[in-house]
Amino acid sequence: MKKQLFVVAASVGILFTSYSAQASAHELNYKVQSGDTLWKIASTNNISVQELLNWNNLTSNTIHVGQELSLITPHSHITYDSYRVKSGDSLSLIAKNYSITISELKSINHLTSDVIKIGQVLNVPNSGSTDSTGPIPVAPQENGTYMVVSGDSLSLIAKKYGTTVTSLKFLNGLTSDTVKIGQMLKVSGSPVESPVEQSPVVDQNVKTYTVKSGDSLSLIAKTYGLTVTQLKSYNNLASDTIYVGQVLKFTSEDTSVPTPEAAKTLNADALIAEAKKYMGVPYVWGGNTPSGFDCSGFLNYVYNKQGVSISRTVETIWNVGTPVSTPQKGDIVFFTTYKEGPSHAGIYIGDNKFIHAGTSTGVTITDMNNSYWKARYLGAKKVD
């Protein structure tokens with residue numbers, strides 16, 4: 001059968017939205033398919049047409065179906081290690097450290113931009129790689145299985161079983177370093193015994209803590225003798241979400257590490273005084289600053305000012321609060337408005353009145369006997 005030839009100028013600017021073929025992450029060779037052009041192959045693999053021409057000793061843009069093209073520099077068919085991106089990293093820095101180009105690093109990892117994030121795992125050249133494809137890993141004779149759990153990576157599993165990432169990938173027929181929770185992997189032998197984990201020695205004079213992989217607010221709070229509520233309050237956190245590299249404070253004034261007994265009780269009068277500072281601030285859907293509040297944003301902001309962290313939506317505040325038969329100062333009163341269930345809330349200030357961010361009034365004080373609100377009142381809850 002006569003081979004069909006495809007010629008394209010490297011400068012032609014056509015976007016092929018349906019093109020999705022990728023090179024093997026291990027070999028980084030690509031077999032030309034029907035409809036391919038150098039431009040399409042280069043664009044998909046984050047390299048230039050000129051690099052394709054140079055690496056494959058091509059003197060023109062002509063390619064044919066079935067032709068094998070190298071997507072990396074000659075004599076660089078290598079095996080890869082995993083590298084986890086840390087604070088301060090960039091593609092140029094990582095590429096420099098591993099003596100490759102940014103284009104090669106992007107091609108190896110199928111990246112479409114130079115943006116990387118902390119914790120991201122990248123393929124990088126194996127420090128022991130040579131100009132050849134390297135030795136083929138020998139499949140172990142005795143295989144067990146391992147289920148991937150949260151926080152796992154191929155490098156961690158390989159370390160656990162005293163093997164290499166390359167061997168694990170070979171054994172399981174993997175072409176990338178990506179694994180997912182619940183995935184079953186073949187492993188060799190038994191886990192390498194680790195030293196018995198000792199309880200961390202905590203310096204009670206420490207004032208800040210930098211979050212590392214595997215941390216959670218509850219784990220950090222337990223280690224340093226705090227409550228999650230205290231930790232969130234000291235750091236103005238509206239949720240339990242934290243990220244690697246985040247610096248957390250252990251006190252609102254950075255003076256000492258408090259104990260759980262040092263937690264303040266809610267000062268209802270101070271809370272109400274704070275709330276009244278924002279009288280007249282307009283209602284803004286999703287607003288949670290003095291430039292505009294919605295009802296839960298107002299509550300969240302005012303309680304945070306008093307060192308108390310609450311949920312961001314009326315429904316979740318309702319779900320976690322402690323019910324009270326008769327509201328007291330500082331309690332939250334709930335109403336049903338545009339939908340069934342709690343959809344609006346305010347702070348009870350005494351004398352049968354509450355302060356809230358109303359849709360048409362902004363932050364205002366309203367009597368509980370108001371005909372509209374009295375008919376829609378659901379109940380009151382105390383903030384824990």
Side-chain angles (χ1 to χ4, degrees), residues 217-218 221 227-241 263-384:
L217 280 184
S218 59
T227 66
V228 172
T229 300
Q230 282 178 297
L231 204 50
K232 290 171 69 176
S233 172
Y234 298 154
N235 293 277
N236 294 320
L237 301 178
S239 74
D240 290 348
T241 303
K264 296 186 297 182
T265 57
L266 178 65
N267 185 324
D269 290 331
L271 176 77
I272 294 167
E274 180 69 28
K276 288 181 178 179
K277 291 180 183 178
Y278 309 104
M279 290 285 290
V281 170
Y283 181 93
V284 174
W285 178 263
N288 59 359
T289 70
S291 61
F293 292 112
D294 63 14
C295 66
S296 58
F298 174 63
L299 298 177
N300 198 272
Y301 186 86
V302 173
Y303 275 93
N304 257 321
K305 282 288 188 178
Q306 298 303 305
V308 179
S309 179
I310 63 174
S311 300
R312 179 59 180 87
T313 66
V314 170
E315 188 172 358
T316 52
I317 298 171
W318 168 269
N319 288 336
V320 300
T322 302
V324 294
S325 57
T326 303
Q328 302 296 318
K329 285 184 178 181
D331 290 344
I332 298 179
V333 287
F334 295 84
F335 304 86
T336 179
T337 54
Y338 66 93
K339 65 176 183 178
E340 185 177 353
S343 56
H344 187 79
I347 302 170
Y348 186 76
I349 64 174
D351 297 327
N352 213 39
K353 293 180 173 61
F354 68 104
I355 186 169
H356 62 120
T359 307
S360 58
T361 61
V363 177
T364 188
I365 295 175
T366 302
D367 195 298
M368 296 283 288
N369 287 323
N370 175 288
S371 59
Y372 177 85
W373 295 109
K374 185 175 182 179
R376 290 165 175 77
Y377 179 63
L378 287 180
K381 293 199 174 183
K382 182 178 295 294
V383 174
D384 295 321

Distance-only criterion, 3.5 Å: show the donor-acceptor pairs between side-chain atoms of residues 281-293 and protein atoms not counting sequence neighbours.
| unit_1 | atom_1 | unit_2 | atom_2 | d |
| --- | --- | --- | --- | --- |
| Thr289 | OG1 | Ser291 | N | 3.4 |
| Thr289 | OG1 | Ser291 | OG | 2.7 |

Quiz item: Taking all atoms of both residues into account, what is the closest heavy-atom pair of Ser233 and Gly307, and its distance?
Solution: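 Residues Ser233 and Gly307, closest heavy atoms: OG-O, 2.6 Å.
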Quiz item: Looking at Ser309 and Ala238, what are the two nearest heavy atoms and their distance?
Solution: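 Distance-wise, the nearest heavy atoms are OG-CA, 4.3 Å.
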Quiz prompt | Flag, side chain of Asn300 to backbone of Ser296, donor-acceptor distance under 3.5 Å | solution =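 Not confirmed, Asn300 side chain does not pair with Ser296 backbone.
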Quiz prompt | Check: Gln230 side chain, Thr227 main-chain N or O, donor-acceptor pair, under 3.5 Å | solution =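 Yes: the side chain of Gln230 pairs with the backbone of Thr227.
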Quiz prompt | With sequence neighbours excluded, residues passing side chain to side chain donor-acceptor pair (under 3.5 Å) with Thr316 | solution =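 Side chain to side chain donor-acceptor pair (under 3.5 Å) check on Thr316 returns Thr313.
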Quiz prompt | By side-chain contact (heavy atoms from CB on, under 4.5 Å) - contacts of Asn267 (at least two apart) | solution =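 Asp269, Ala270.
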Quiz item: For the atom pair CD1 (Ile365) and CZ (Phe354), what is the distance rounded to the nearest 0.5 Å?
Solution: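 Between Ile365 CD1 and Phe354 CZ, I get 10.5 Å after rounding to 0.5 Å.
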Run the side-chain donor-acceptor check on residues 341-352: report pairs under 3.5 Å with partners two or more places apart or on a different chain.
| unit_1 | atom_1 | unit_2 | atom_2 | d |
| --- | --- | --- | --- | --- |
| Ser343 | OG | Thr337 | N | 2.8 |
| Ser343 | OG | Thr337 | OG1 | 2.6 |
| His344 | NE2 | His356 | ND1 | 2.9 |
| Tyr348 | OH | Asn352 | N | 3.0 |

Exercise. Identify which one of Val228, Thr241, Thr229 satisfies the side-chain contact (heavy atoms from CB on, under 4.5 Å) criterion when paired with Leu217.
Key: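 The residue from Val228, Thr241, Thr229 that satisfies side-chain contact (heavy atoms from CB on, under 4.5 Å) with Leu217 turns out to be Val228.
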Quiz item: Hey, are the side chains of Leu271 and Lys276 touching, using non-hydrogen atoms and a 4.5 Å cut-off?
Solution: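 Side-chain contact under 4.5 Å: no.
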Distance-only check: which donor-acceptor pairs under 3.5 Å involve side-chain atoms of residues 324-333, not counting sequence neighbours?
| unit_1 | atom_1 | unit_2 | atom_2 | d |
| --- | --- | --- | --- | --- |
| Asp331 | OD1 | Lys382 | NZ | 3.3 |
| Asp331 | OD2 | Gln328 | N | 2.8 |

Which pairs of donor and acceptor atoms, one on a side chain in residues 373-381, lie under 3.5 Å apart (sequence neighbours left out)?
| unit_1 | atom_1 | unit_2 | atom_2 | d |
| --- | --- | --- | --- | --- |
| Arg376 | NH1 | Tyr372 | O | 3.1 |
| Tyr377 | OH | Ala380 | N | 3.4 |
| Lys381 | NZ | Trp318 | O | 2.5 |

